[in-house]
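First the structure, in the form of structure tokens, and then the observations on it.
As the structure is a computational prediction, the values presented were derived from the model and not from experiment.
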Amino acid sequence: MDVNRKVQTLDEFTIQQLRDFPHATGELSHLLRNLGLAAKRVNVEVNKAGLVDILGDFGTINVQGEEVKKLDVFANDQFTGVLKHGIACAGIASEELDDFVAFGDPKSVQSKYVCVYDPLDGSANIDVNVSIGTIFGVYRRVTPIGTVVTKEDFLQPGNKLVAAGYVVYGSSTMLVYATRRGVNGFTLDPSIGEFTLSHPDIKCPETGKIYSVNHGNFFKYAEGVRDYIQVCQQKDKKTGGPYTQRYIGSMVSDVHRNLIKGGIFMYPGTTDKPAGKLRLLYECNPFAFIVTVAGGKATNGKMRILDIEPEELHQRTPMFIGSLQMMEELESYQEKDNK
Ligand code: AHG
Ligand code: MN
Ligand code: MN
């Protein structure tokens with residue numbers, strides 16, 4: 001029987017990649033399959049979010065007699081549960097949990113990977129039917145295989161990531177992941193319940209016409225950032241401006257769109273919150289890795305996001321990310337902020 005080779009599932013794709021590496025164990029494929037499974041479960045629940053009033057409010061008991069959980073707690077439970085029960089991850093750190101979790105069972109301690117994630121990004125948008133997402137990163141542990149993981153396995157700079165990805169629960173559901181070899185996007189085909197390769201070898205356009213920033217904070221940004229934002233609004237032959245402002249408030253959706261179409265996303269520090277809002281481990285590093293592999297760039301305004309040595313699990317950082325030329329233009333204005 002002929003199999004339709006046009007449709008390649010996430011599983012088939014990751015297994016195909018293994019053929020080029022005779023010594024690969026398949027552990028990363030296993031891990032990505034687990035992450036895909038958790039994403040599918042979250043997707044089902046996200047699609048029901050509007051039914052909360054009918055099925056029961058958060059904290060109440062639903063018709064199946066289960067407690068209705070906040071969606072970000074539900075998402076965290078799904079990702080943590082699936083990885084804990086799998087055999088390809090030795091521990092996790094999540095934006096939803098105060099501390100990392102070490103999986104101490106005999107199979108998990110034999111695994112070489114740990115995962116970090118923001119199980120539900122853009123959670124303020126859930127109630128209003130706007131795209132939300134999940135962001136994840138995969139590190140090779142630094143402690144010996146066979147032992148229980150420690151905090152230092154998670155406090156690694158982004159340049160040590162083995163893989164990183166995100167899921168957008170949007171008009172369609174997509175999983176995009178990157179390894180050093182490239183970035184590939186998979187769209188969930190609801191008819192077979194599988195992520196299928198839809199965006200092979202994603203490259204971030206060198207430049208674009210979209211800038212994404214919270215304008216409400218404009219007067220709290222550093223001078224160079226304000227100058228750049230004003231440049232984005234001006235007619236300019238060199239930059240091709242004025243640009244279009246697009247800001248959803250779900251970083252996953254904003255950065256996904258800019259990655260595909262070209263653009264720049266900024267969450268700068270403000271006078272009252274110099275480190276901004278976004279978390280280095282769970283949000284910034286995975287995206288910095290993905291966009292860098294795709295040919296773009298990500299900084300904190302001073303240095304590459306990927307080179308920051310993390311000190312705390314929940315550390316925040318300013319974030320500037322996007323198309324290479326737009327980032328270089330921004331940097332020329334940021335010089336004055338770094339004097
Ligand atoms: P989370 O829902 O995980 O807390 O993250 C929300 C983040 C990010 O997705 C988004 O870009 C940003 O918050 C929006 O913040 P502002 O409303 O301050 O612009
Ligand atoms: Mn988030
Ligand atoms: Mn979150």
Side-chain angles (χ1 to χ4, degrees), residues 6-14 16-17 28-29 31-49 71-72 74-75 78-79 82 115 117-123 125-126 129-138 161 163-179 181-205 208 210 212 246-263 265 282-283 286-296 321-323:
K6 274 187 184 165
V7 181
Q8 199 174 16
T9 68
L10 175 63
D11 257 12
E12 289 176 317
F13 181 84
T14 59
Q16 186 70 35
Q17 302 270 303
L28 188 60
S29 299
L31 190 52
L32 287 162
R33 182 189 311 147
N34 287 347
L35 290 163
L37 171 62
K40 285 191 263 185
R41 289 186 171 155
V42 172
N43 181 55
V44 169
E45 220 54 27
V46 167
N47 285 328
K48 287 198 299 201
L71 213 45
D72 33 17
F74 176 86
Q78 288 306 320
F79 278 91
V82 165
C115 271
Y117 42 83
D118 176 357
L120 209 70
D121 175 70
S123 38
N125 281 326
I126 298 168
N129 218 345
V130 170
S131 297
I132 48 183
T134 297
I135 310 167
F136 60 86
V138 181
L161 280 162
Y166 60 88
V167 184
V168 196
Y169 310 101
S171 40
S172 58
T173 298
M174 259 190 93
L175 186 151
V176 175
Y177 86 91
T179 62
R181 305 174 75 198
V183 186
N184 291 281
F186 302 79
T187 302
L188 184 62
D189 177 348
S191 64
I192 55 168
E194 293 280 0
F195 285 104
T196 52
L197 184 63
S198 54
H199 295 62
D201 199 19
I202 295 172
K203 299 279 186 235
C204 182
I210 297 172
S212 311
R246 291 276 183 269
Y247 191 72
I248 296 171
S250 295
M251 181 193 190
V252 168
S253 315
D254 277 315
V255 180
H256 172 67
R257 181 203 51 235
N258 294 3
L259 171 65
I260 304 290
K261 294 196 167 193
F265 171 92
Y282 315 114
E283 295 168 313
F287 267 119
F289 182 85
I290 297 161
V291 169
T292 303
V293 171
I321 184 165
S323 294

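Residue Ser253 comes nearest to Ser131 through the heavy atom pair OG-CB, 3.3 Å, listed as atom of the first residue, atom of the second, then distance. Closest approach of Gly185 and Ile202 over heavy atoms only: N-CD1, 3.9 Å. The minimum heavy-atom distance between Phe289 and Ala164, with the atom names listed, is CD2-CB, 3.8 Å. Smallest separation of non-hydrogen atoms from Ser250 and Asn125: OG-ND2, 2.9 Å. Nearest approach of Gly296 to Cys204, heavy atoms of both residues: N-CB, 4.2 Å.
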Next on the checklist: Walk me through whether Thr9 and Asp11 qualify under side chain to side chain donor-acceptor pair (under 3.5 Å).
Outcome noted: CA-CA 5 Å; Thr9 68; Asp11 257 12; 5.6 Å; no
**Asked** So Met251 and Phe265, side chain to side chain contact (heavy atoms under 4.5 Å, CB included) or not? Walk me through it.
**Response** CA-CA 8 Å; Met251 181 193 190; Phe265 171 92; 3.9 Å; yes
Starting from the C-alpha separation in whole Å, work towards a yes-or-no answer on side chain to side chain contact (heavy atoms under 4.5 Å, CB included) for Phe136 and Tyr177.
-> CA-CA 9 Å; Phe136 60 86; Tyr177 86 91; 4.2 Å; yes
Step-by-step side chain to side chain contact (heavy atoms under 4.5 Å, CB included) determination, Val252 to Glu283 = CA-CA 9 Å; Val252 168; Glu283 295 168 313; over 6 Å; no
* Yes or no on side chain to side chain contact (heavy atoms under 4.5 Å, CB included) for Ser212 and Arg257, after CA distance, side-chain angles and deciding distance? -> CA-CA 10 Å; Ser212 311; Arg257 181 203 51 235; 2.9 Å; yes
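The main-chain N or O of Thr187 is found under 3.5 Å from a side-chain atom of Thr196 such that the two form a donor-acceptor pair. A donor-acceptor pair is defined here as one N or O able to donate and one able to accept, closer than 3.5 Å; no such pair exists between the side chain of Thr134 and the backbone of Leu120. Remark: the backbone N or O of Pro205 is paired with a side-chain donor or acceptor of Ser323 at under 3.5 angstrom. Of the possible polar contacts, none joining the Lys40 side chain to the Glu194 backbone as a donor-acceptor pair under 3.5 Å is found. Between the side chain of Thr292 and the main chain of Ala288, a donor-acceptor pair closer than 3.5 Å is present. In this structure, the side chain of Asn47 engages the main chain of Asn43 through a donor-acceptor pair within 3.5 Å.
Once rounded to the nearest 0.5 Å, the distance linking CZ of Arg41 with CZ of Phe74 reads 8.0 Å.
By the 4.5 Å heavy-atom criterion applied to side chains, Lys261 and Ile210 are counted as neighbours. A heavy-atom distance below 4.5 Å is found between the side chains of Leu31 and Val138. Side chains of Ser198 and Met174 form a contact here, defined as non-hydrogen atoms less than 4.5 Å apart.
When Ile321, Asp254, Ile290 are each tested for a side-chain contact (heavy atoms from CB on, under 4.5 Å) with Leu259, only one passes: Ile290. Each of Val42, Asp121, Val46 was compared with Ile132 under the side-chain contact (heavy atoms from CB on, under 4.5 Å) criterion, and only Val46 meets it.
Applying the ring-ring contact (aromatic ring centres under 6.0 Å, His included) criterion to Phe287, with sequence neighbours excluded, gives Tyr166.
Ring centroids of Tyr117 and Tyr282 are separated by 6.0 Å or more, keeping the two rings apart.
Within 6.0 Å of the CG atom in Asp201, the count of heavy atoms belonging to other residues, nucleotides or ligands exceeds 12.
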